[in-house]
Amino acid sequence: MRLATWNVNSVRARVDRVVAFLERSQTDVLAIQETKCRDEQFPVAAFEAAGYEVAHVGHSAWNGVAIASRVGIADVATSFPGQPGFAKPTAPAATDDAPAEAPEPEPAALLDVPPPVEARALGATCGGVRVWSLYVPHGRAIGDPHYAYKLAWLGALRDAAAGWLDADPAAQVALMGDWNVIPLDTDVYDPAAFAGHTHVTPAEREAFAAFADAGYTEVTRQHLPAEHTYTYWDYQQLAFPRNKGLRIDFAYASPRLADRVTGVVIDRDERKGKGASDHVPVVLDVAAPAT
DNA sequence: ATGGTGGGAATCCCA
(Lines give C-alpha, C1' and ligand atoms only; values in the text may rest on other atoms or scores of the structure.)
Protein backbone atom coordinates (compact mmCIF):
# COMPACT_ATOMS: atom_id res chain seq x y z
CA MET A 1 0.00 0.00 0.00
CA ARG A 2 1.14 3.51 -0.75
CA LEU A 3 0.29 6.41 1.59
CA ALA A 4 1.13 10.01 0.75
CA THR A 5 0.73 13.52 2.12
CA TRP A 6 0.66 16.77 0.16
CA ASN A 7 -0.13 20.40 0.93
CA VAL A 8 -1.71 21.29 -2.42
CA ASN A 9 -2.35 25.03 -1.75
CA SER A 10 -5.90 25.06 -3.19
CA VAL A 11 -7.38 21.83 -4.48
CA ARG A 12 -9.56 23.67 -6.99
CA ALA A 13 -6.58 25.40 -8.57
CA ARG A 14 -4.67 22.11 -8.80
CA VAL A 15 -7.16 19.27 -9.12
CA ASP A 16 -5.74 18.07 -12.45
CA ARG A 17 -2.22 17.90 -11.03
CA VAL A 18 -3.41 16.11 -7.90
CA VAL A 19 -5.34 13.44 -9.79
CA ALA A 20 -2.47 13.00 -12.25
CA PHE A 21 -0.12 12.50 -9.29
CA LEU A 22 -2.41 9.87 -7.75
CA GLU A 23 -2.48 7.89 -10.96
CA ARG A 24 1.21 8.30 -11.79
CA SER A 25 2.40 7.42 -8.28
CA GLN A 26 -0.18 4.69 -7.69
CA THR A 27 -0.93 6.23 -4.31
CA ASP A 28 -3.73 4.48 -2.44
CA VAL A 29 -4.35 7.06 0.28
CA LEU A 30 -3.49 10.74 0.00
CA ALA A 31 -3.69 13.14 2.94
CA ILE A 32 -4.31 16.60 1.46
CA GLN A 33 -3.77 19.95 3.21
CA GLU A 34 -4.77 23.53 2.37
CA THR A 35 -7.69 22.67 0.14
CA LYS A 36 -8.85 26.30 0.57
CA CYS A 37 -12.50 25.49 0.00
CA ARG A 38 -15.73 24.60 1.71
CA ASP A 39 -17.01 21.03 1.58
CA GLU A 40 -19.50 21.74 -1.21
CA GLN A 41 -16.75 23.33 -3.33
CA PHE A 42 -14.41 20.32 -3.25
CA PRO A 43 -13.96 18.82 -6.75
CA VAL A 44 -15.08 15.35 -5.69
CA ALA A 45 -16.07 14.19 -9.19
CA ALA A 46 -12.51 14.29 -10.54
CA PHE A 47 -11.32 12.07 -7.67
CA GLU A 48 -14.23 9.65 -8.02
CA ALA A 49 -13.61 9.36 -11.75
CA ALA A 50 -10.08 8.20 -10.89
CA GLY A 51 -11.42 5.66 -8.39
CA TYR A 52 -10.94 7.54 -5.12
CA GLU A 53 -13.41 8.31 -2.35
CA VAL A 54 -12.92 11.64 -0.58
CA ALA A 55 -13.50 12.91 2.95
CA HIS A 56 -13.01 16.64 3.51
CA VAL A 57 -13.48 19.33 6.10
CA GLY A 58 -13.37 22.96 5.02
CA HIS A 59 -15.22 25.93 6.49
CA SER A 60 -13.95 28.78 4.31
CA ALA A 61 -11.29 29.75 1.81
CA TRP A 62 -8.62 29.10 4.42
CA ASN A 63 -7.14 25.83 5.69
CA GLY A 64 -9.16 22.74 4.70
CA VAL A 65 -7.92 19.14 4.90
CA ALA A 66 -8.96 16.02 3.03
CA ILE A 67 -8.20 12.35 2.55
CA ALA A 68 -8.59 10.63 -0.82
CA SER A 69 -8.58 6.82 -0.70
CA ARG A 70 -9.07 3.92 -3.08
CA VAL A 71 -8.86 1.35 -0.24
CA GLY A 72 -11.92 2.49 1.69
CA ILE A 73 -12.59 5.43 3.97
CA ALA A 74 -14.42 4.92 7.27
CA ASP A 75 -14.99 6.52 10.66
CA VAL A 76 -14.25 10.05 9.46
CA ALA A 77 -13.38 12.58 12.19
CA THR A 78 -13.26 16.29 11.31
CA SER A 79 -11.10 17.21 14.30
CA PHE A 80 -9.03 15.39 16.91
CA PRO A 81 -10.18 15.17 20.54
CA GLY A 82 -9.19 18.33 22.38
CA GLN A 83 -8.26 20.24 19.21
CA PRO A 84 -7.95 23.92 20.18
CA GLY A 85 -9.78 26.62 18.25
CA PHE A 86 -8.62 30.05 17.17
CA ALA A 87 -10.40 33.39 16.98
CA LYS A 88 -9.05 36.40 15.15
CA PRO A 89 -8.23 39.37 17.38
CA THR A 90 -11.08 41.84 16.94
CA ALA A 91 -9.87 45.02 18.66
CA PRO A 92 -9.51 47.89 16.12
CA ALA A 93 -6.13 49.61 16.02
CA ALA A 94 -5.79 53.09 17.44
CA THR A 95 -5.28 55.93 14.93
CA ASP A 96 -4.62 59.67 15.24
CA ASP A 97 -8.26 60.38 14.43
CA ALA A 98 -9.64 57.64 16.61
CA PRO A 99 -7.63 56.99 19.76
CA ALA A 100 -7.83 53.54 21.24
CA GLU A 101 -11.18 52.83 22.82
CA ALA A 102 -12.59 49.78 24.42
CA PRO A 103 -13.47 47.49 21.49
CA GLU A 104 -16.99 46.20 21.02
CA PRO A 105 -17.03 42.75 22.55
CA GLU A 106 -17.79 40.01 20.08
CA PRO A 107 -21.01 38.13 20.71
CA ALA A 108 -18.95 34.99 21.20
CA ALA A 109 -16.90 36.75 23.87
CA LEU A 110 -20.06 37.93 25.61
CA LEU A 111 -21.31 34.40 25.71
CA ASP A 112 -17.86 33.05 26.60
CA VAL A 113 -18.06 30.65 23.67
CA PRO A 114 -14.78 28.90 22.85
CA PRO A 115 -13.08 29.98 19.60
CA PRO A 116 -14.01 27.95 16.53
CA VAL A 117 -12.09 24.78 15.74
CA GLU A 118 -10.44 25.27 12.35
CA ALA A 119 -10.37 22.76 9.47
CA ARG A 120 -6.85 21.54 10.16
CA ALA A 121 -7.22 17.85 11.07
CA LEU A 122 -9.14 15.04 9.40
CA GLY A 123 -8.98 11.41 10.44
CA ALA A 124 -10.22 8.35 8.56
CA THR A 125 -9.54 4.63 8.53
CA CYS A 126 -8.27 3.56 5.11
CA GLY A 127 -7.00 0.08 4.29
CA GLY A 128 -6.63 -0.72 7.98
CA VAL A 129 -4.63 2.43 8.83
CA ARG A 130 -5.94 5.32 10.90
CA VAL A 131 -4.78 8.21 8.70
CA TRP A 132 -4.70 11.82 9.91
CA SER A 133 -4.31 14.68 7.45
CA LEU A 134 -2.83 17.54 9.48
CA TYR A 135 -2.27 21.21 8.74
CA VAL A 136 -0.44 22.58 11.77
CA PRO A 137 -1.00 26.32 12.38
CA HIS A 138 1.77 28.49 10.93
CA GLY A 139 2.35 30.66 14.00
CA ARG A 140 2.93 33.85 11.97
CA ALA A 141 5.44 35.45 14.39
CA ILE A 142 6.94 34.71 17.79
CA GLY A 143 4.66 36.33 20.34
CA ASP A 144 1.67 36.49 17.99
CA PRO A 145 -1.49 34.83 19.39
CA HIS A 146 -1.22 32.43 16.46
CA TYR A 147 2.15 31.24 17.78
CA ALA A 148 0.68 30.31 21.18
CA TYR A 149 -2.17 28.63 19.29
CA LYS A 150 0.34 26.60 17.27
CA LEU A 151 2.06 25.30 20.39
CA ALA A 152 -1.24 24.50 22.09
CA TRP A 153 -2.46 22.74 18.95
CA LEU A 154 0.65 20.56 18.74
CA GLY A 155 0.47 19.77 22.44
CA ALA A 156 -3.17 18.74 22.22
CA LEU A 157 -2.46 16.57 19.19
CA ARG A 158 0.40 14.89 21.01
CA ASP A 159 -1.87 14.15 23.96
CA ALA A 160 -4.53 12.69 21.67
CA ALA A 161 -1.98 10.62 19.74
CA ALA A 162 -0.43 9.32 22.97
CA GLY A 163 -3.90 8.32 24.09
CA TRP A 164 -4.50 6.28 20.94
CA LEU A 165 -1.35 4.28 21.60
CA ASP A 166 -2.21 3.83 25.26
CA ALA A 167 -5.60 2.46 24.27
CA ASP A 168 -4.09 0.11 21.67
CA PRO A 169 -0.31 -0.34 21.49
CA ALA A 170 -0.78 -2.24 18.20
CA ALA A 171 -2.70 0.66 16.58
CA GLN A 172 -1.87 1.47 12.97
CA VAL A 173 -1.76 5.27 12.96
CA ALA A 174 -0.25 7.71 10.45
CA LEU A 175 0.03 11.41 11.41
CA MET A 176 0.79 13.03 8.09
CA GLY A 177 0.84 16.57 6.89
CA ASP A 178 2.32 20.04 6.87
CA TRP A 179 3.79 20.43 10.35
CA ASN A 180 5.08 23.98 9.85
CA VAL A 181 8.12 23.10 11.97
CA ILE A 182 11.75 22.94 10.79
CA PRO A 183 13.08 20.29 13.18
CA LEU A 184 16.80 20.60 12.36
CA ASP A 185 19.04 23.40 11.18
CA THR A 186 19.90 21.16 8.21
CA ASP A 187 16.22 21.20 7.20
CA VAL A 188 16.50 24.81 5.99
CA TYR A 189 18.60 26.36 3.25
CA ASP A 190 20.03 28.96 5.65
CA PRO A 191 19.31 28.79 9.39
CA ALA A 192 20.40 32.42 9.76
CA ALA A 193 17.52 33.46 7.51
CA PHE A 194 15.10 32.04 10.10
CA ALA A 195 16.69 33.53 13.20
CA GLY A 196 13.96 35.21 15.21
CA HIS A 197 11.21 33.59 13.15
CA THR A 198 8.72 30.83 13.74
CA HIS A 199 9.32 27.17 12.70
CA VAL A 200 12.77 26.92 14.33
CA THR A 201 12.20 27.95 17.96
CA PRO A 202 13.10 25.46 20.71
CA ALA A 203 9.44 25.39 21.80
CA GLU A 204 8.26 24.39 18.32
CA ARG A 205 11.03 21.81 17.91
CA GLU A 206 10.22 20.32 21.33
CA ALA A 207 6.53 20.19 20.45
CA PHE A 208 7.43 18.30 17.27
CA ALA A 209 9.86 15.93 19.00
CA ALA A 210 7.24 15.12 21.65
CA PHE A 211 5.54 12.76 19.19
CA ALA A 212 8.67 10.61 19.18
CA ASP A 213 8.63 10.66 22.98
CA ALA A 214 5.04 9.40 22.78
CA GLY A 215 6.21 6.35 20.79
CA TYR A 216 5.77 7.47 17.19
CA THR A 217 8.51 7.30 14.55
CA GLU A 218 8.98 10.05 11.97
CA VAL A 219 9.41 7.64 9.09
CA THR A 220 10.37 10.15 6.38
CA ARG A 221 13.54 11.07 8.28
CA GLN A 222 14.14 7.40 9.07
CA HIS A 223 14.17 6.50 5.39
CA LEU A 224 15.50 9.78 3.94
CA PRO A 225 18.10 11.03 6.42
CA ALA A 226 20.07 13.15 3.95
CA GLU A 227 20.53 16.76 5.03
CA HIS A 228 18.96 19.55 2.98
CA THR A 229 16.17 17.28 1.77
CA TYR A 230 13.30 19.70 1.27
CA THR A 231 9.54 19.42 0.82
CA TYR A 232 8.67 23.12 0.37
CA TRP A 233 10.07 26.01 -1.63
CA ASP A 234 8.62 29.52 -1.45
CA TYR A 235 7.09 30.89 -4.64
CA GLN A 236 9.18 34.06 -4.33
CA GLN A 237 12.78 34.87 -5.17
CA LEU A 238 13.30 31.86 -7.45
CA ALA A 239 13.52 29.72 -4.31
CA PHE A 240 13.04 26.41 -6.15
CA PRO A 241 15.63 26.93 -8.93
CA ARG A 242 18.04 28.06 -6.20
CA ASN A 243 16.99 25.10 -4.00
CA LYS A 244 16.26 27.41 -1.07
CA GLY A 245 13.79 25.06 0.57
CA LEU A 246 12.44 23.82 3.87
CA ARG A 247 11.65 20.38 5.23
CA ILE A 248 8.30 20.81 6.97
CA ASP A 249 6.13 17.91 5.70
CA PHE A 250 6.43 14.74 7.78
CA ALA A 251 4.77 11.47 8.68
CA TYR A 252 4.79 10.10 12.22
CA ALA A 253 3.85 6.41 12.32
CA SER A 254 2.78 4.31 15.29
CA PRO A 255 5.20 1.46 16.12
CA ARG A 256 3.28 -1.24 14.26
CA LEU A 257 2.85 0.95 11.19
CA ALA A 258 6.45 2.17 11.24
CA ASP A 259 7.54 -1.48 11.13
CA ARG A 260 5.70 -1.83 7.80
CA VAL A 261 7.19 1.21 6.05
CA THR A 262 9.72 -0.01 3.49
CA GLY A 263 10.58 3.25 1.74
CA VAL A 264 9.83 6.95 1.38
CA VAL A 265 9.95 9.19 -1.70
CA ILE A 266 9.76 12.98 -1.85
CA ASP A 267 8.34 13.77 -5.29
CA ARG A 268 10.53 16.81 -5.96
CA ASP A 269 9.58 16.92 -9.63
CA GLU A 270 6.05 17.94 -8.61
CA ARG A 271 7.41 21.41 -7.74
CA LYS A 272 8.38 21.95 -11.39
CA GLY A 273 6.41 23.62 -14.14
CA LYS A 274 3.45 25.93 -14.31
CA GLY A 275 0.76 25.55 -11.68
CA ALA A 276 2.82 23.75 -9.01
CA SER A 277 2.00 23.86 -5.32
CA ASP A 278 4.75 25.28 -3.12
CA HIS A 279 4.89 21.87 -1.35
CA VAL A 280 5.60 18.47 -2.96
CA PRO A 281 4.09 15.06 -2.13
CA VAL A 282 5.79 12.76 0.38
CA VAL A 283 5.05 9.10 -0.37
CA LEU A 284 5.33 6.09 1.98
CA ASP A 285 5.54 2.51 0.78
CA VAL A 286 3.85 0.26 3.32
CA ALA A 287 4.16 -3.53 3.32
CA ALA A 288 1.22 -5.80 4.07
CA PRO A 289 0.72 -6.32 7.81
CA ALA A 290 2.38 -9.33 9.41
CA THR A 291 -0.10 -12.20 9.72
C1' DA B 1 16.08 48.03 -7.27
C1' DT B 2 12.41 48.62 -0.42
C1' DG B 3 10.05 44.84 -5.02
C1' DG B 4 9.77 40.11 -5.36
C1' DT B 5 4.71 35.03 -5.75
C1' DG B 6 0.50 32.88 -5.68
C1' DG B 7 -3.62 31.17 -3.40
C1' DG B 8 -8.23 33.09 -1.76
C1' DA B 9 -13.88 35.39 0.57
C1' DA B 10 -9.70 40.08 -2.68
C1' DT B 11 -8.02 47.40 -3.79
C1' DC B 12 -7.00 42.99 1.38
C1' DC B 13 -5.44 38.55 4.11
C1' DC B 14 -2.62 34.52 4.44
C1' DA B 15 1.30 31.66 3.51
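Letters A, B, ... mirror the listed sequences (proteins, then strands); counts begin at 1.
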For nucleotides [N] and [M], find the distance between their [atom1] atoms and express it as a whole number of Å.
N      : M     : atom1 : result
B:dC12 : B:dG4 : P     : 16 Å
B:dG7  : B:dG3 : P     : 22 Å
B:dA15 : B:dA9 : C1'   : 16 Å

**OP:** Verify the neighbour count for atom CZ of A:R256: are there more than 12 heavy atoms of other residues, nucleotides or ligands below 6.0 Å?
**Re:** no

Subject >> Any A:R12 side-chain N or O less than 4.0 Å from OP1/OP2 of B:dA9 >> reply: yes

In whole Å, I'd like the distance from the [atom1] atom of [X] to the [atom2] atom of [N].
X      : N      : atom1 : atom2 : value
A:Y232 : B:dA15 : OH    : P     : 11 Å
A:H59  : B:dG8  : NE2   : P     : 19 Å
A:D234 : B:dG6  : CG    : C1'   : 9 Å
A:H199 : B:dC14 : NE2   : C1'   : 12 Å
A:F86  : B:dA15 : CZ    : C1'   : 14 Å
A:Y235 : B:dT5  : OH    : P     : 13 Å
A:Y147 : B:dA15 : OH    : P     : 16 Å
A:W62  : B:dG7  : CH2   : P     : 13 Å

Original post:
From B:dG8, B:dG7, B:dA15, pick the nucleotide closest to the side chain of A:R14?
Top reply: B:dG7

Original post:
From B:dC13, B:dG4, B:dA15, pick the nucleotide closest to the side chain of A:Q237?
Top reply: B:dG4

Subject >> Rounded distance (nearest 0.5 Å) linking atom CG of A:D168 with atom CD of A:Q172 >> reply: 9.0 Å

Subject >> Side-chain heavy atoms of A:E270 within contact of A:R17, under 4.5 Å >> reply: yes

Original post:
What is the nucleic acid contact for A:S60, judged by heavy atoms within less than 4.0 Å: base, sugar-phosphate only, or nothing?
Top reply: base

Original post:
When all nucleic acid strands are considered with a 4.0 Å heavy-atom cut-off, which category describes A:Y135: base, sugar-phosphate, or nothing?
Top reply: sugar-phosphate

Original post:
Considering heavy-atom distances to DNA chain B, does A:E34 or A:G275 have its closest nucleotide positioned more toward the 5' end?
Top reply: A:G275

**OP:** Would you kindly compare A:A13 and A:D278 by the position of their nearest DNA chain B nucleotide and give the one closer to the 5′ end?
**Re:** A:A13

Original post:
Will you find, in the side chains of A:N180 and A:H138, an N or O donor that is under 3.5 Å from an N or O acceptor?
Top reply: no

**OP:** Return the orientation label for the A:F42 and A:H56 ring planes: parallel under 30°, perpendicular over 60°, tilted otherwise.
**Re:** tilted

